[in-house]
Amino acid sequence: MQAEYRQRREQLMTKIGNGTAIFRSAPTAVMHNDVEYTYRQDSDFFYLTGFNEPEAVAVLAPHHPEHRFILFVQPKEREKEVWTGYRCGVEGAKERYGADEAYPIAELDEKLPQYLEKADRIYYRLGRDRAFNDKILKHWQRLLATYPKRGTGPIAIEDVGILLHAMRLTKSPAELELMRKAAEISVEAHNRAMAITQPGRYEYEIQAEIEHVFRRRGGMGPAYPSIVASGTNACVLHYIENNCQMQDNQLLLIDAGCAYEYYNGDITRTFPVGGKFTPEQKILYEIVLEAQQQAIAQVKPGNPYNAFHDTAVRILTEGLVELGILKGEIDKLIEEEKYKLFYMHRTGHWLGLDVHDVGVYQHGDNPQILQPGQVLTVEPGLYIVPDTKPAEDQPEIDPRWSGIGIRIEDDVLVTETGNEVLTAGVPKAISELER
Ligand code: GLY
Ligand code: MN
Ligand code: MN
């Protein structure tokens, strides 16, 4: 992978010309008191370096005569490493991560200016760490003050995310290999979950089985908090308590995905706990499944990004009208977003190093056009939240539908000729879900 990280840096350096790009590692996050969460590197930082330690800064200075890639890292310190683990150190940053030069992070303020003095721009993304943003601004301010003496130096700060995220949007063969692995493990976990679900079991038992598969197969763990939602819990989009006992005649909605070497899977399936859909569940499920399949068919190169969402919305709205849950003309209902009471999220998102991955969806009025190598989720759903008040001019909601929540989500790769569903290995046809 080191060759690929280098190639990504070269590609970005071509784009920034005489600028200097600065990247900050992700902060460590506190779980409670002095206990920290497992460290996870910032995705941009990782994409360019593969370096997964905290307290680091990466600099790309394509115009610098000697050092084009510089890493500031935590120095090796025996006593610290005994507690918090291995550090690659300054030498390791050069030897293992290909930095032309490396320094201890404590020398950032002293060493950074030499990489900015001749740059015409600073490429940086404002982050959550205000103090670090401030640090960069102060460096810029100092260079501006001395600009008249040198006649060189950055005259603007530009967001590096725009350039970098356009790169991240199209996955390389090496990235796709990792995404396939994340998908494959996620598929195995969902199949395991289906096999062991039965009335009387608790949602957390299913969660445990899923996450057991993630780790057993070498994944980092869940890509996001696993949702195991039986019955009306499925109507809470981010239900993660997962502590209820599952009953016969309920549906179980599982939204879970594995992170594998920083790449993510994101799958949702909804199926009957006791092996048989009730008539109402089956009717709603068929609508969502149809919406999902038709939406997936819209994922192909040359199609605008919004096509698959629009298709899903249309099919869901038509279905709701057919059942008498909505009333009126389809186009008008869509225009007035009347479906949103029952379908309140978008039909998908880019997927990659981040679960909700970076990349532009829309350029002003023009949607992104799908291209081979992009990966997105397709995840329509219907949620008949109990006690939902119908919109004005809309009918009362028949209680027979109340509390049913359904979502079906797959990870879809745009190919040269259409698409490939990376997560097709989890069944979703009614005949496969009933037993
Ligand atoms: N599980 C997060 C999502 O589906 O977007
Ligand atoms: Mn999901
Ligand atoms: Mn998703």
Side-chain angles (χ1 to χ4, degrees), residues 1-9 11-12 23-29 36-54 56 58 69 71 73 84-88 92-93 95-99 164-165 167-192 210-226 255-267 349-359 373-377 409-413 420-426:
M1 274 308 271
Q2 279 307 320
E4 175 141 346
Y5 297 131
R6 185 178 326 116
Q7 193 222 315
R8 292 173 190 167
R9 292 192 295 269
Q11 198 185 337
L12 183 63
F23 298 90
R24 167 100 158 123
S25 62
T28 51
E36 287 173 0
Y37 283 103
T38 307
Y39 185 69
R40 194 218 187 251
Q41 187 55 280
D42 170 79
S43 297
D44 283 345
F45 199 106
F46 191 80
Y47 181 79
L48 290 169
T49 65
F51 187 76
N52 61 359
E53 293 179 31
F69 170 40
L71 276 174
V73 300
T84 55
Y86 176 82
R87 294 177 177 184
C88 94
E95 278 159 26
R96 293 188 33 209
Y97 293 92
L164 188 61
H165 298 169
M167 288 169 55
R168 279 179 55 189
L169 183 52
T170 304
K171 275 66 182 172
S172 70
E175 289 186 287
L176 287 177
E177 205 175 302
L178 298 175
M179 292 201 69
R180 283 179 198 286
K181 190 75 189 251
E184 178 191 310
I185 299 172
S186 306
V187 163
E188 182 178 323
H190 274 264
N191 284 329
R192 174 81 188 131
I210 288 169
E211 296 178 5
H212 171 83
V213 173
F214 291 169
R215 280 302 277 162
R216 184 172 52 72
R217 293 285 314 275
M220 298 164 83
Y224 49 89
S226 306
D255 185 347
C258 178
Y260 183 80
E261 294 194 9
Y262 277 82
Y263 287 84
N264 299 298
D266 183 5
I267 303 179
H349 49 83
W350 303 126
L351 182 71
L353 281 173
D354 293 325
V355 174
H356 294 171
D357 207 23
V358 294
Q374 296 171 342
V375 181
L376 48 86
T377 68
E409 173 174 31
D410 281 299
D411 305 342
V412 185
L413 165 68
E420 179 188 339
V421 180
L422 302 178
T423 48
V426 198

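Numbering starts at 1 and runs along the sequence shown.
Not a single salt bridge (charged side-chain N to carboxylate O under 4.0 Å, His left out) links E177 to another residue, sequence neighbours left out. Here E409 pairs with T268 under the side chain to side chain donor-acceptor pair (under 3.5 Å) rule; sequence neighbours left out. Residues satisfying the side chain to side chain donor-acceptor pair (under 3.5 Å) criterion with Y39, sequence neighbours excluded, are Q41. With sequence neighbours excluded, the residues that form a ring pair (Phe, Tyr, Trp, His ring centres under 6.0 Å) with H356 are H349. With sequence neighbours left out, D354 forms a side chain to side chain contact (heavy atoms under 4.5 Å, CB included) with R40, S43, R168, D357, V358. Taking the salt bridge (charged side-chain N to carboxylate O under 4.0 Å, His left out) definition, one finds that E188 meets it with R216, R217, sequence neighbours left out. Under the side chain to side chain donor-acceptor pair (under 3.5 Å) criterion, N264 pairs with no residue, sequence neighbours left out. Residues meeting the ring pair (Phe, Tyr, Trp, His ring centres under 6.0 Å) test with Y97, sequence neighbours left out: F51. Partners of A189 under the side chain to side chain contact (heavy atoms under 4.5 Å, CB included) rule, at least two apart in sequence or in another chain, are I210, V213, F214. Every residue meeting the salt bridge (charged side-chain N to carboxylate O under 4.0 Å, His left out) condition with D410, not counting sequence neighbours, appears here in chain and number order: R269, K428. Every residue two or more places apart in sequence or in another chain was checked for a salt bridge (charged side-chain N to carboxylate O under 4.0 Å, His left out) with E95, and none qualifies. Contacts of S226 classified as side chain to side chain donor-acceptor pair (under 3.5 Å), with partners at least two apart in sequence or in another chain: E211.
A 4.5 Å side-chain heavy-atom check between W350 and V375 finds every atom pair outside the cut-off.
Between C258 and S186, the closest heavy-atom pair is N-OG, 2.9 Å. Across every non-hydrogen atom of G265 and A182, the tightest pair is N-CB, 3.8 Å. Contact record, E53 with S25: O-CB, 3.9 Å, taken as the closest heavy-atom pair. M1 and A174 get closest at one heavy-atom pair: SD-CB, 4.0 Å.
With F23 as reference, L48 is the one residue of L48, L71, T49 to meet the side chain to side chain contact (heavy atoms under 4.5 Å, CB included) rule. With respect to Y262, the ring-ring contact (aromatic ring centres under 6.0 Å, His included) criterion is satisfied by exactly one of F46, Y47, F45: F46.
Rounding to the nearest 0.5 angstrom, the gap separating the CG atom in L376 from the CG atom in D266 is 11.0 Å. If you take CD on E4 and CD on Q11, they are separated by 10.0 Å, rounding to the nearest 0.5 Å. Interatomic distance, OG1 of T28 versus CD of E36, reported as 4.0 Å (0.5 Å rounding). Between L413 atom CG and E420 atom CD the span is 5.5 Å, to the nearest 0.5 Å.
Remark: side-chain polar atoms of E175 are paired, donor with acceptor, to backbone N or O of S172 under 3.5 angstrom. Of the possible donor and acceptor atoms, one in the side chain of K171 sits under 3.5 Å from a partner among the backbone N and O of L351. Distance alone, capped at 3.5 Å, is enough to place a donor-acceptor pair between the Y224 side chain and the G257 backbone. In this structure, the side chain of T423 does not engage the main chain of A183 through any donor-acceptor pair within 3.5 Å.
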Start with the C-alpha gap between K181 and I185, add the side-chain angles, then the distance that decides, and say whether side-chain contact (heavy atoms from CB on, under 4.5 Å) holds.
-> CA-CA 6 Å; K181 190 75 189 251; I185 299 172; 4.3 Å; yes
